Amino acid sequence: METTFPVVANFEVTYHQYLGENGELIRPLPAFATPDVLQFLYKEMVLVRTFDTKAINLQRTGKMGTYPSILGQEAISVAMGNAMQKEDVLIPYYRDQGAQFQRGTAMEDIFRYWGGDERGSNFRHSREDFPICVPIATQYLHATGIAKAFQYRKQPRVAVTAIGDGGTSKGDFYEALNLAGAWNLPVVFVVNNNQWAISVPRSIQTGTQTIAQKAFAGGFPGLQVDGNDVIAVRQVMSDALERARNGHGPTLIEAVSYRLGDHTTADDASRYRSKEELHAAWEKEPILRLRKYLIAQGLWDDQREERLLADCQAQVAQAVEAYEQTPKANIDDIFDYTYETLTEPLKEQKAYAKRFKEKAHHG
Amino acid sequence: METTFPVVANFEVTYHQYLGENGELIRPLPAFATPDVLQFLYKEMVLVRTFDTKAINLQRTGKMGTYPSILGQEAISVAMGNAMQKEDVLIPYYRDQGAQFQRGTAMEDIFRYWGGDERGSNFRHSREDFPICVPIATQYLHATGIAKAFQYRKQPRVAVTAIGDGGTSKGDFYEALNLAGAWNLPVVFVVNNNQWAISVPRSIQTGTQTIAQKAFAGGFPGLQVDGNDVIAVRQVMSDALERARNGHGPTLIEAVSYRLGDHTTADDASRYRSKEELHAAWEKEPILRLRKYLIAQGLWDDQREERLLADCQAQVAQAVEAYEQTPKANIDDIFDYTYETLTEPLKEQKAYAKRFKEKAHHG
Amino acid sequence: MAEITLIEAITQALAYEMRVDENVVVLGEDIGTNGGVFRATLGLLQQFGPERVMDTPLAESMIAGAAIGMASQGLKPVAEFQFVGFIYPALDQLFSHAARMRNRTRGRLTCPMVARAPYGGGIHAPEHHSESPEALFSHIPGFKVVIPSSPARAYGLLLAAIRDPDPVIYLEPSRIYRLVKQEVPDDGHALPLGKCFVSREGHDVTLVSWGASLHETNKAANMLAKENIHAEVIDVATISPLDIDTILASVAKTGRCVVVHEAARNVGVGAEIAAQIMEKGILTLLAPVQRVTGYDITMPYPKMEHLYLPTEERIIDAVYTALEYK
Amino acid sequence: MAEITLIEAITQALAYEMRVDENVVVLGEDIGTNGGVFRATLGLLQQFGPERVMDTPLAESMIAGAAIGMASQGLKPVAEFQFVGFIYPALDQLFSHAARMRNRTRGRLTCPMVARAPYGGGIHAPEHHSESPEALFSHIPGFKVVIPSSPARAYGLLLAAIRDPDPVIYLEPSRIYRLVKQEVPDDGHALPLGKCFVSREGHDVTLVSWGASLHETNKAANMLAKENIHAEVIDVATISPLDIDTILASVAKTGRCVVVHEAARNVGVGAEIAAQIMEKGILTLLAPVQRVTGYDITMPYPKMEHLYLPTEERIIDAVYTALEYK
Ligand SMILES: Cc1ncc(C[n+]2csc(CCOP(=O)(O)OP(=O)(O)O)c2C)c(N)n1
Ligand SMILES: Cc1ncc(C[n+]2csc(CCOP(=O)(O)OP(=O)(O)O)c2C)c(N)n1
Ligand SMILES: [Mg+2]
Ligand SMILES: [Mg+2]
């Protein structure tokens, strides 16, 4: 008689990386990674960081509200947006600025959003992309519905959505994985594992070895990628997009990175995490890493860097200008979009509100 | 340079079984499985089936409301309750009659519950056990809270909870796994995979190979057990309870079985599943299987069977009697338990309700 | 033309709209082969196939969240929640997203979905199967909340709900799913959302109700008629946004009003109706608006639910209280 | 004695009750090392350790569900929801279980938990951070719903909430977390739940409010006093169950009433108060009860939230409407 129990299913998580922590190549470059593309990705990451610095500054000087910095996660976000086709749909979380810019979403719209203005989500480009999602993990389900619409209409499009490590604790995250697996949906799930959910470290968030393995609960592949290696993220994204586009279903990508900034401008991370940890994380950050590689390859130098920074500053300055010139919103704006047609009660309330418009005290 | 990607985590699901489909032993019996214990488990399964048949009959004759039959899942439920210690807490789903009886919950209380009477959940024994849980999967989270209370008080107690295969699609299911893993809680999660969630087959419910693998999303072991083999279920339950009691955390047990009856007395399963499938499932059912084994070992015979059936009938008849003698509930019953102390509005409403008591038309 | 029940009218409306608009899809638990636990989607799988009639995994937040995603792509998902007592896990998706998508994006993305669910008590169902949460949805800006009371209204209002460009919560009183039959032409004619229906004219008192309670309300009106008390009966139908004008016009005539609903009393829809009648019609009121409602307790299990539901007796009692005022 | 803010009063109450009752535990997101995003739990981890001050994974249904389990074992969990806009995923657990456990088991199992959450607008926070859903909880039988308006009331009411044998939804107006300071003796004295407080006496009109809006209400009363209009101001404090008697007594004196709340108007708590005043006090009413509320739109983002929130001007306007009636 047998005395052991047969294994009926097994699973593994692989870790994907091309650039080592010092910008050295540890695997042969993937095909997409031509010098042009790498330079482009580099520039886009620097642009995101320039934007980010400015956004924090706008908040500090009272010109914008609370803002969540993307510092440290530029590679994930840029690679994600860059790998997508125009006709795909992005369903972002609130720290996906890089992907949004790749999609054509205007910087000034992101400023508007965090400046407390709904019009910031009325994107002029990427009009099917979802706005920033505040209620954690809900966006993962929207992505499944969008993917289902693509599948129903037999369109070769993919829904791409992102979340933080903390968000992977929520029911909606898992319900989305399960549905995507059950329906074999064209969706790519990205997890920005930046090690922290506000003050809660990854180790308290979940007892799993990896976040990637949560994909097995949905019945499809999950993998880990070095989220500070833009080449690796870009590659696993393309692979996952292709899988999805060809009808082979979803993938979960855990991009391992680090939140180098505070959670938001309303947070002070020094309350809960050590300087040492932060310093160590800076050693691995994505922009420096790619710069080292490019320089070593003779694809980058100080002059180009200087020009790039000036360029980025100019682009961001223009966006700030556009943001600051946003026409004032009015009472109609807050009443007219609850329903397509103003209801009777809202007509009455709007007329009443207009009576008091001039007198308002708060704000 | 390397060209493959390293595996950073891997997982496997084992399948546990002792009795083959024809009641033949395929592995050496585990230590607990003395003749006495096996006979006891057999009797308890027969008792549950006798109860179940009667319950359906009560519903059909208008003496009870909608009822969910446990037909086919007796082994899982009896083994689960039987493996627990008295001081453990059971957080059942609605198809856990066998476990409830093992815990001392009175049959007449289960009748009362499905008879539409809240008093059916005021168990006289097993007073810390949770009542039947209708909103699917919510009970899994209650189990984590109870387990946390045990951990906080350093009590060597375990929370045991169960769910159906359909329930594993819900957010609460996964949130519970994640918390139990993160907090290393003393809890045992049982999944009654009876292949159907009302009319939705297991294959539509999730894209995973096994349900057991969903445990990996929580970071702890998941295994499959033949849910028609009471010996195997009892053994994996004991192992999981011991693990939990010794501070080694949760286990997910997927008990593979089959719902031999309709979903509830309000359902007609012939609308959505084939006779062939049902017939095939009857071949594997748990009671017959153990009887075959016991008979082959000389531990059971027709005489004992006859006596047992008479015994079970008598016990159930007594419970029906108690159920039918339940004193009528009154207006106070529906008002007095919303809060510990009746609020002013409820005092008023209760007095008002009493004015109409005699006149009520419905019902 | 054959007479059909309320639930058959729902099936008829779903099938009609699926025929004329291929963006309409239905999803939910057990709605495919099984045709829904109440058979609202009976035959749809056969007619429209599994790509449009989707049996989902068992997860209500998922159903709502996926429907929101589909709706953003121009589909018109009609999501069935098996009982409205199981819609609570979906409230986050519904409140935080379905109700806000248009406003959040200033009209760029919208959410033309319908959330259907059997609703209300009196069917001797187990706990959680007899809830009346219309007040919750009515309080959340962005929804329309609709409750039909007859086969014809169920048909016309469901068509309107599906065609509406915004999310509609469509609650189906399961107690009257098969209570009455009516001829309901399958002509695709929608009824207006946002309008009350005057179900019966009268001049002594206005009775306001919706859904299944309208039946006890009508019975009460019949009984009162024998006492020579002529009640006007209003079927609110769209609970939010509320058509207060129709109610005010009636109260202007009768001077007295009784609102009847199954849901708990405290902060229920009856309170809103009473408050608005006072605000806008106090001069026409001869007595305070009376509320006949469920109590502020969880809906009792079947053995005692008859003690909870508004009855003709309670309605008539309230009418007399109103009539005898001062 | 030092003066403390409302949020410090909350910390003080939590610490007090944790000292005297080891069954009291707190749980939530970022409540440990970080002391909560508003610092309500500041220092508790240091004083009581991680077994009683539990940083949870990020999942609100989980927080509620686990708290229900703990409470059934005799713990007294105080769960923090980071903002009340994030409590919606927990509504199923709260509505289906916390509110019903006692009734479901006829008193065998109970749910003595508190759900705390920052609540309301006016802090220029991003979307979803400024919600006022007290009406939802008030409609669900089984909860008590409490909203403090000052440091002293925050302290006394939170102690009462923790000691209450049933689930209490405790909503903290974040706009006034640090607005005023008061001396609040740390003496463990609870204030009664289910009672309104008369904050200011007057005889011309009754102003009824709660939470942060009470401050604009008081300011309006001050301004009115200069016009020789003497408003009585009532702090409802416990929104459910409602202490209508205190309100009725005031209205009997003044004959006029204005209810002020931030939440959307439709089927809000203001409607309930208005309806009850009419039902029980119509003969003392000289004018219809006026409601000054948020609009039936999603709370606007910070740039426009000032247009949504009730202001002194709107309150005074409503008072004049009431005074000029007839
Ligand atoms: C449902 C919900 N609960 C709580 C919050 C408050 N909150 C905002 S961000 C955050 C932490 C998120 O952490 P993670 O998912 O790791 O993303 P990160 O911010 O680190 O990128 C929390 C708790 C929220 N937005 N939504
Ligand atoms: C949240 C929720 N949604 C829907 C239902 C209705 N419902 C009751 S049982 C059931 C199927 C459950 O299937 P499964 O989990 O496999 O358990 P089984 O009944 O097969 O034992 C459904 C959909 C419910 N009770 N709760
Ligand atoms: Mg994070
Ligand atoms: Mg099942």
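A, B, ... follow the sequence lines: proteins, then strands. Residue 1 opens every chain. If you're wondering where the values come from, they're calculated on a predicted model, not measured in any experiment. Excluded from the calculations below are hydrogen atoms, water molecules and symmetry mates; all remaining heavy atoms, backbone and side chain alike, are included.
Atom CD1 in D:I140 sits 5.5 Å away from atom OH in C:Y88 (nearest 0.5 Å). In this structure, C:T298 OG1 and D:R104 CZ are separated by 8.0 Å, a value rounded to the nearest 0.5 Å. Once rounded to the nearest 0.5 Å, the distance linking CZ of D:R100 with CE of C:M299 reads 10.5 Å. Distance check: C:L91 CG to D:L94 CG gives 11.0 Å after rounding to the nearest 0.5 Å. Expressed to the nearest 0.5 Å, how far CG of D:D92 lies from OG of C:S61 amounts to 10.0 Å.
When all heavy atoms are compared, the tightest approach of D:A275 to C:A274 is CB-CB, 3.9 Å. When all heavy atoms are compared, the tightest approach of D:M278 to C:P288 is O-CB, 3.5 Å. The two residues D:E272 and C:R265 make their nearest non-hydrogen contact at OE1-O, 3.4 Å. Residues D:V267 and C:S138 come closest through the heavy atom pair CG2-CB, 3.8 Å.
At a 4.5 Å heavy-atom cutoff, C:L242 makes no contact with chain D through either its backbone or its side chain. If you measure heavy-atom distances from C:Y325 to chain D, the contacts under 4.5 Å come from the side chain alone. C:N266 touches chain D through backbone and side chain together, each having a heavy atom under 4.5 Å away. Contact annotation for C:L285: only side-chain heavy atoms (C-beta onward) come within less than 4.5 Å of a heavy atom of chain D. Contact of C:E131 with chain D is made through the side chain alone, with heavy-atom distances under 4.5 Å. Neither the backbone nor the side chain of C:Q290 comes within less than 4.5 Å of any heavy atom of chain D.
A donor-acceptor pair under 3.5 Å is absent between the side-chain atoms of D:H139 and the main chain of C:L136, judged by distance alone.
Chain D forms more heavy-atom pairs under 4.5 Å with one residue of C:I273, C:V289, C:T321, C:N103 than with any other, namely C:V289. Each of D:Q276, D:R291, D:Q93 has some count of heavy-atom pairs under 4.5 Å with chain C, and the biggest count is that of D:R291. Put simply, of C:G268, C:G142, C:P133, the one with the most heavy-atom pairs under 4.5 Å next to chain D is C:G268.
Annotation: D:K195, atom NZ; neighbour count of heavy atoms from other residues, nucleotides and ligands within 6.0 Å does not exceed 12.
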